[in-house]
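Below, read A as the first sequence line, B as the second, and so on, with proteins coming before strands; counting in each chain starts at 1.
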Number of protein chains: 2
Amino acid sequence: MPWMPTPTNAPDRGGRPAITSARHLAEVAQALFVEHGFEATSVDDITAAAGVSRRTFFRYFSTKADVLWVESAAELGRFRELLAGASRDEACRDVLCRTAPAALHHPPEEHTWMLHRAQLLLTVPAVQEKAAPRYARWREIATEFVAARRGTGTDDLVAIAAGHAVLAATLGAHQYWIAHPGEDLKNLHERFLRLLIPDV
Amino acid sequence: MPWMPTPTNAPDRGGRPAITSARHLAEVAQALFVEHGFEATSVDDITAAAGVSRRTFFRYFSTKADVLWVESAAELGRFRELLAGASRDEACRDVLCRTAPAALHHPPEEHTWMLHRAQLLLTVPAVQEKAAPRYARWREIATEFVAARRGTGTDDLVAIAAGHAVLAATLGAHQYWIAHPGEDLKNLHERFLRLLIPDV
DNA sequence: CAGGTTATGGCACGGTGTGCAGTAAGTCCA
DNA sequence: TGGACTTACTGCACACCGTGCCATAACCTG
């Protein structure tokens with residue numbers, strides 16, 4: 001089991017204070033990615049800019065691309081909580097169309113950060129590669145919700161299809177967004193969801 | 001520009017005959033993947049089993065995972081041709097539901113090979129990573145078809161959504177299939193497509 | 001046999017990611 | 001003050017991936 005720095009919300013049990021943080025490394029890294037490109041930026045470049053050793057970087061992130069997913073755990077958690085909190089009176093499809101965009105909501109000051117992230121995620125092959133496990137989690141959460149609503153297992157055909165539809169809509173909305181950054185992402189996301197989620 | 005062996009359909013202009021082939025390397029590699037796992041199989045293991053040098057392997061495939069996509073170019077080509085040959089009398093949605101499964105059709109003797117491939121593609125993270133560019137091509141072909149039918153550009157919202165729907169249905173069908181290998185993939189594929197492609 | 005063409009082999013190199021051992025910097029307690 | 005404990009950072013060696021470069025092997029035609 002690899003060692004990992006204790007998360008910031010853990011109780012302080014003494015020990016050497018952290019000289020850096022996942023968030024700090026992620027910001028330094030993303031800035032370099034935007035400036036020089038993902039592949040042209042080596043981990044050594046990132047650690048040099050952040051004033052940390054190469055080995056330390058890999059304690060915070062298991063791969064170079066993972067810095068682009070600092071927010072992933074929070075987004076997935078919000079999605080799961082919003083689904084769990086939905087009333088059973090609200091139609092399955094409506095719940096998904098409402099909660100998925102809400103789970104990805106970020107304050108306006110992070111708008112350009114999100115746009116940069118979306119551009120990297122959808123256009124740089126080396127980054128797209130690392131996205132698969134995150135996409136899978138996003139899809140699974142939707143599938144589990146639909147399966148629970150339908151009283152089936154997660155290997156139900158309709159539940160699987162719905163999970164893929166939610167992911168497809170999310171990716172489609174972001175793809176459209178980076179081509180039309182003036183539009184409202186949340187609104188786009190909902191339109192794609194309404195188009196793609198089957199009416200079940 | 002990296003050097004590449006001439007494809008088998010090229011005219012013979014003399015020169016040293018190839019000691020191996022992409023197909024042979026792919027078969028050796030996939031067998032090792034199935035037996036020992038993808039990550040536990042190094043390129044050295046593959047080349048040792050195939051009786052070629054490490055350098056030669058990278059002339060046929062640019063990455064280790066690419067051996068799982070030997071058929072990709074042919075499948076994409078079939079999809080594009082089938083779409084191009086469709087009558088304009090046939091509804092857009094019907095064309096997609098018919099051609100996508102047909103483009104992925106393989107003879108029965110390759111059934112287990114396809115199943116192994118699907119299992120590796122959908123369950124091994126290191127393999128899923130390399131899938132992104134292939135998925136993107138598959139999606140683009142569908143998007144281009146829908147955009148042409150609608151008389152719009154490929155940045156049309158509905159065309160983008162349709163492209164994502166086709167990909168989602170393809171992945172969903174394979175996911176369902178590896179959990180229920182007794183079912184007919186072609187039939188499953190069509191059902192997922194009918195569920196997910198919006199009626200436009 | 002010479003000259004052209006194509007495939008394979010060997011080697012060095014930069015980059016990623018991991019395991020391990022050591023050290024630095026805090027807290028707590030006697 | 002001085003340990004003992006805890007946690008975080010560093011350095012190094014290593015396996016693997018993927019690439020560029022050059023040499024060499026094996027076939028063709030004249």
Side-chain angles (χ1 to χ4, degrees), chain A residues 1-25 28-29 32-33 36-69 124-127 129-130 133, chain B residues 1-25 28-29 32-33 36-69 124-127 129-130 133:
Chain A
M1 181 80 92
W3 182 89
M4 288 269 271
T6 57
T8 52
N9 56 1
D12 188 354
R13 302 195 303 169
R16 176 175 177 169
I19 206 176
T20 184
S21 69
R23 184 76 204 203
H24 175 233
L25 289 175
V28 170
L32 290 175
F33 292 163
H36 304 115
F38 179 81
E39 314 231 42
T41 305
S42 75
V43 175
D44 283 334
D45 295 335
I46 300 170
T47 58
V52 172
S53 83
R54 174 186 154 74
R55 195 65 188 79
T56 292
F57 176 89
F58 283 109
R59 290 198 198 294
Y60 283 90
F61 298 102
S62 53
T63 77
K64 182 172 81 168
D66 274 2
V67 299
L68 295 173
W69 298 95
V124 180
V127 179
E129 296 181 358
K130 305 295 181 179
Chain B
M1 182 78 89
W3 182 86
M4 290 268 269
T6 58
T8 51
N9 56 1
D12 188 355
R13 301 197 302 167
R16 176 174 178 170
I19 205 175
T20 184
S21 69
R23 185 74 205 205
H24 175 233
L25 288 176
V28 170
L32 291 175
F33 293 163
H36 303 115
F38 179 82
E39 315 230 42
T41 305
S42 74
V43 175
D44 283 332
D45 296 334
I46 301 169
T47 58
V52 287
S53 80
R54 177 188 153 71
R55 193 64 188 81
T56 292
F57 176 89
F58 283 110
R59 288 215 167 79
Y60 284 89
F61 299 101
S62 53
T63 76
K64 182 172 79 164
D66 275 1
V67 298
L68 296 172
W69 299 95
V124 180
V127 180
E129 296 180 357
K130 304 296 180 178

**A/Ile46 side chain reached by A/Phe61 side chain, heavy atoms, under 4.5 Å** = no

Quickly work out the [X] [atom1] to [N] [atom2] distance and round it to whole Å.
{"X": "A/Arg54", "N": "C/dG17", "atom1": "CZ", "atom2": "P", "value": "8 Å"}
{"X": "A/Lys130", "N": "D/dC17", "atom1": "NZ", "atom2": "P", "value": "13 Å"}
{"X": "A/His24", "N": "D/dC9", "atom1": "NE2", "atom2": "P", "value": "12 Å"}
{"X": "B/Arg16", "N": "D/dC27", "atom1": "CZ", "atom2": "P", "value": "8 Å"}
{"X": "A/Asp66", "N": "C/dT16", "atom1": "CG", "atom2": "C1'", "value": "13 Å"}
{"X": "B/Phe57", "N": "C/dA7", "atom1": "CZ", "atom2": "C1'", "value": "17 Å"}
{"X": "A/Arg59", "N": "C/dT23", "atom1": "CZ", "atom2": "P", "value": "15 Å"}
{"X": "B/Phe58", "N": "C/dC11", "atom1": "CZ", "atom2": "P", "value": "17 Å"}

**Item:** Side-chain donor-acceptor contact under 3.5 Å, B/Thr41 with B/Asp45
**Value:** no

**Message:** Check this for me: does the side-chain of A/Arg55 come within 3.5 Å of the base of C/dG19 through a donor and an acceptor?
**Reply:** yes

**Item:** Phosphate contact (D/dA8 OP1 or OP2) by A/Tyr60 side-chain N/O below 4.0 Å
**Value:** no

**Asked** Phosphate oxygens OP1/OP2 of D/dC9: is one of them under 4.0 Å from a side-chain N or O of A/Thr56?
**Response** no

**Prompt:** How many angstroms lie between CG in B/Leu68 and NZ in B/Lys130, if you round to the nearest 0.5 Å?
**Reply:** 11.5 Å

**Complete:** By nearest-nucleotide position on DNA chain D, the 5'-leaning member of B/Ser42 and B/Gly15 is B/Ser42

**Of A/Ile19 and B/Asp44, the one whose closest DNA chain D nucleotide lies more 5'** = A/Ile19

**Message:** Any side-chain to backbone donor/acceptor pair from B/Lys64 onto B/Val127? Under 3.5 Å, distance only.
**Reply:** no

Per [X] side chain, nearest of listed nucleotides [options]:
{"X": "B/Thr20", "options": "C/dT8, D/dG18, C/dA25", "answer": "C/dT8"}
{"X": "A/Lys64", "options": "C/dG17, D/dA8, D/dT19", "answer": "C/dG17"}
{"X": "B/Pro5", "options": "C/dA7, D/dG18, C/dT16", "answer": "C/dA7"}
{"X": "B/Pro17", "options": "D/dA8, D/dC27, C/dG17", "answer": "D/dC27"}

**Request:** Measure across B/Ala49 and B/Val28 and return the closest heavy-atom pair with its distance rounded to 0.1 Å.
**Result:** CB-CG1, 3.7 Å

